[in-house]
Novice: 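The structure's right below; bear with me while I get my questions together.
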2 protein chains.
Amino acid sequence: MKIEDIIKTTSPMAIGKRTVLNIMYTQNVLSERFNEILKAYDLSPEQFNVLRILKGQNGKPTNMCVIQERMIAKTSNTTRLVDKLLLKELVTREICPDNRRKMEIAITEKGLELLAELNPKVECHESVLTQNLTPEELEQLNYLLEKFRTINQ
Amino acid sequence: MKIEDIIKTTSPMAIGKRTVLNIMYTQNVLSERFNEILKAYDLSPEQFNVLRILKGQNGKPTNMCVIQERMIAKTSNTTRLVDKLLLKELVTREICPDNRRKMEIAITEKGLELLAELNPKVECHESVLTQNLTPEELEQLNYLLEKFRTINQ
DNA sequence: ATTACATAATTATTTTAACAAAAATTTAAT
DNA sequence: ATTAAATTTTTGTTAAAATAATTATGTAAT
């Protein structure tokens with residue numbers, strides 16, 4: 001469905017505005033479907049994101065600032081996010097021995113199991129969304145988005 | 001910058017996952033820049049969205065449910081959003097004479113002025129973001145996003 | 001050694017979002 | 001006419017986001 005029909009605009013839009021709206025709206029559709037999956041596991045997208053970052057570290061504990069840096073959407077409060085994960089026993093938190101200002105966060109076995117359980121659903125979500133596009137089109141879409149983000153000046 | 005470098009993943013990602021992340025991340029960059037513009041005018045993106053919808057109605061008052069329907073991100077509480085705009089005198093709210101359950105929201109002169117003031121900044125934002133892509137690439141990006149959203153099943 | 005500055009994380013406060021429940025009105029059915 | 005169901009909006013409650021301020025530790029300069 002064309003973005004014009006979705007927001008039901010009367011006047012024709014400049015291509016730039018259309019593109020921006022299209023990206024915004026597409027992300028929205030994406031997030032809604034994804035949240036649907038996570039809701040059954042009582043995880044917020046941000047919590048999931050943190051778990052995935054921790055898993056990506058292959059067991060190596062990770063500081064709060066590294067987590068914050070790697071999140072897709074920069075959250076303003078990683079502490080409370082990790083608090084929630086701690087309550088669910090999905091992560092551990094310890095003071096870094098080298099630098100007592102820092103914290104070392106690590107994913108637990110339970111956290112890894114949750115990710116493993118979620119993984120097929122997430123993959124399914126991703127493939128349902130991408131099945132309409134050929135591999136070439138997907139490459140092109142990624143290329144265009146990356147080019148779009150490159151802001152000169 | 002490639003999405004892999006942004007989220008600093010070690011292992012290669014499937015094209016589907018990469019695409020999903022790329023869309024999410026791009027929207028994020030977009031929103032952050034856009035919010036920066038709005039902040040100076042003490043408007044949230046949702047409030048701006050509502051004003052734009054009302055302007056699109058060319059003075060014709062609009063019901064709450066129509067506003068809700070046309071928003072990019074479906075908000076769960078249009079009432080409170082409109083409350084904020086009312087306080088700033090950017091909109092009016094009246095009971096619909098035909099159907100007393102409904103409300104008629106309209107943008108005020110002050111609201112239109114604010115949009116007019118904001119417009120060049122928003123257009124600039126859009127053109128800075130799209131200047132890297134040729135008109136053909138922009139058309140292609142829109143086409144791919146629309147195709148991506150078409151979920152069969 | 002003391003001071004100032006920088007960094008890392010937490011806490012506090014105010015706004016906003018999400019969700020469910022309620023209120024008001026209209027429409028439809030008996 | 002009464003009751004039930006549907007629609008539209010509002011309100012209440014709880015959770016989460018945004019921002020600023022604070023605490024704690026570390027680093028560098030005098």
Side-chain angles (χ1 to χ4, degrees), chain A residues 24 27-28 31-51 53-54 61-88 91-106, chain B residues 24 27-28 31-51 53-54 61-88 91-106:
Chain A
M24 303 281 283
Q27 186 270 357
N28 228 270
S31 293
E32 262 174 29
R33 290 178 67 91
F34 186 54
N35 291 355
E36 208 57 42
I37 297 172
L38 293 181
K39 214 189 305 181
Y41 294 84
D42 196 33
L43 266 189
S44 73
E46 289 78 17
Q47 287 172 17
F48 176 79
N49 197 194
V50 170
L51 287 182
I53 289 164
L54 293 174
T62 310
N63 302 132
M64 298 293 275
C65 52
V66 173
I67 294 175
Q68 192 149 35
E69 186 184 279
R70 299 212 177 164
M71 291 190 74
I72 305 166
K74 304 281 163 262
T75 182
S76 55
N77 216 323
T78 315
T79 301
R80 270 188 264 258
L81 244 171
V82 169
D83 283 347
K84 301 278 158 58
L85 294 171
L86 262 172
L87 277 176
K88 297 181 206 168
V91 304
T92 57
R93 174 165 59 188
E94 277 170 37
I95 295 170
C96 175
D98 300 340
N99 187 336
R100 286 186 305 161
R101 282 174 307 184
K102 294 190 181 181
M103 286 295 179
E104 291 190 330
I105 317 296
Chain B
M24 302 281 285
Q27 186 271 356
N28 228 271
S31 295
E32 263 174 29
R33 290 178 67 91
F34 186 54
N35 291 355
E36 209 57 43
I37 297 172
L38 293 181
K39 215 189 307 183
Y41 294 84
D42 196 32
L43 265 190
S44 73
E46 290 78 15
Q47 287 172 17
F48 176 79
N49 198 193
V50 171
L51 288 183
I53 289 165
L54 294 174
T62 310
N63 302 131
M64 298 292 276
C65 52
V66 173
I67 294 175
Q68 193 150 34
E69 186 184 280
R70 301 213 175 163
M71 291 191 73
I72 305 166
K74 305 280 162 262
T75 181
S76 56
N77 217 322
T78 315
T79 301
R80 273 190 265 253
L81 244 171
V82 169
D83 283 347
K84 300 279 159 58
L85 294 172
L86 263 172
L87 277 175
K88 296 181 206 168
V91 302
T92 58
R93 174 164 59 189
E94 277 170 36
I95 294 170
C96 174
D98 301 340
N99 186 335
R100 287 185 305 162
R101 284 173 307 185
K102 294 190 180 181
M103 286 295 179
E104 291 190 329
I105 317 297

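Below, chain A is the first sequence line, B the second, and so on; all start at residue 1. What you see below is based on every heavy atom in this structure, not just the backbone, and it leaves out hydrogens, waters and symmetry mates.
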Novice: Could you run down nucleotides 6-13 of chain C 5' to 3' and tag each one B, S or - for protein heavy-atom contact under 4.0 Å?
Specialist: BBSSBBBB
Novice: Please check the phosphate of C:dT16 (OP1 and OP2 only) for any side-chain N or O of B:Lys84 closer than 4.0 Å.
Specialist: yes
Novice: For a 4.5 angstrom cut-off between non-hydrogen side-chain atoms, does A:Thr79 reach A:Arg93?
Specialist: yes
Novice: Using the side-chain contact (heavy atoms from CB on, under 4.5 Å) definition, which of the options A:Leu54, A:Ile72, A:Ile67 pairs with A:Asn49?
Specialist: A:Ile72
Novice: For B:Lys74, report the nucleic acid contact type (base, sugar-phosphate, nothing); a contact means any heavy atom under 4.0 Å.
Specialist: nothing
Novice: Find the distance A:Asn35:CG to C:dA18:C1' and express it as a whole number of Å.
Specialist: 11 Å
Novice: Please state how far atom CD in A:Glu32 lies from atom P in C:dA17, giving the value in whole angstrom units.
Specialist: 14 Å
Novice: So how far is it from A:Gln68 CD to A:Asn77 CG, rounded to the nearest 0.5 Å?
Specialist: 8.0 Å
Novice: Could you list the residues that satisfy ring pair (Phe, Tyr, Trp, His ring centres under 6.0 Å) with B:Phe48, not counting sequence neighbours?
Specialist: B:Phe34
Novice: Grab the CD1-P distance between B:Ile67 and D:dT9 for me, whole Å please.
Specialist: 8 Å
Novice: Roughly how many Å is it from CG in B:Leu43 to C1' in C:dT16, rounded to a whole number?
Specialist: 15 Å
Novice: Any side-chain N or O of A:Arg100 under 4.0 Å from OP1/OP2 of D:dA24?
Specialist: no
Novice: Could you tell me how far apart A:Asp98 (CG) and D:dT27 (P) are, to the nearest whole angstrom?
Specialist: 10 Å
Novice: How long is the straight-line distance from CG of A:Leu51 back to CG of A:Leu85, given to the nearest 0.5 Å?
Specialist: 5.0 Å
Novice: Is any side-chain heavy atom of A:Gln47 closer than 4.5 Å to one of A:Asp42?
Specialist: no
Novice: Quickly work out the A:Phe48 CZ to D:dA16 P distance and round it to whole Å.
Specialist: 17 Å
Novice: A:Gln47 CD to D:dA17 C1': how many Å, rounded?
Specialist: 13 Å
Novice: Can you tell me the distance, in whole Å, between the NZ atom of A:Lys39 and the C1' atom of D:dA15?
Specialist: 14 Å
Novice: Rounded to the nearest 0.5 Å, how far apart are CD1 of A:Ile95 and CE of A:Met103?
Specialist: 4.5 Å
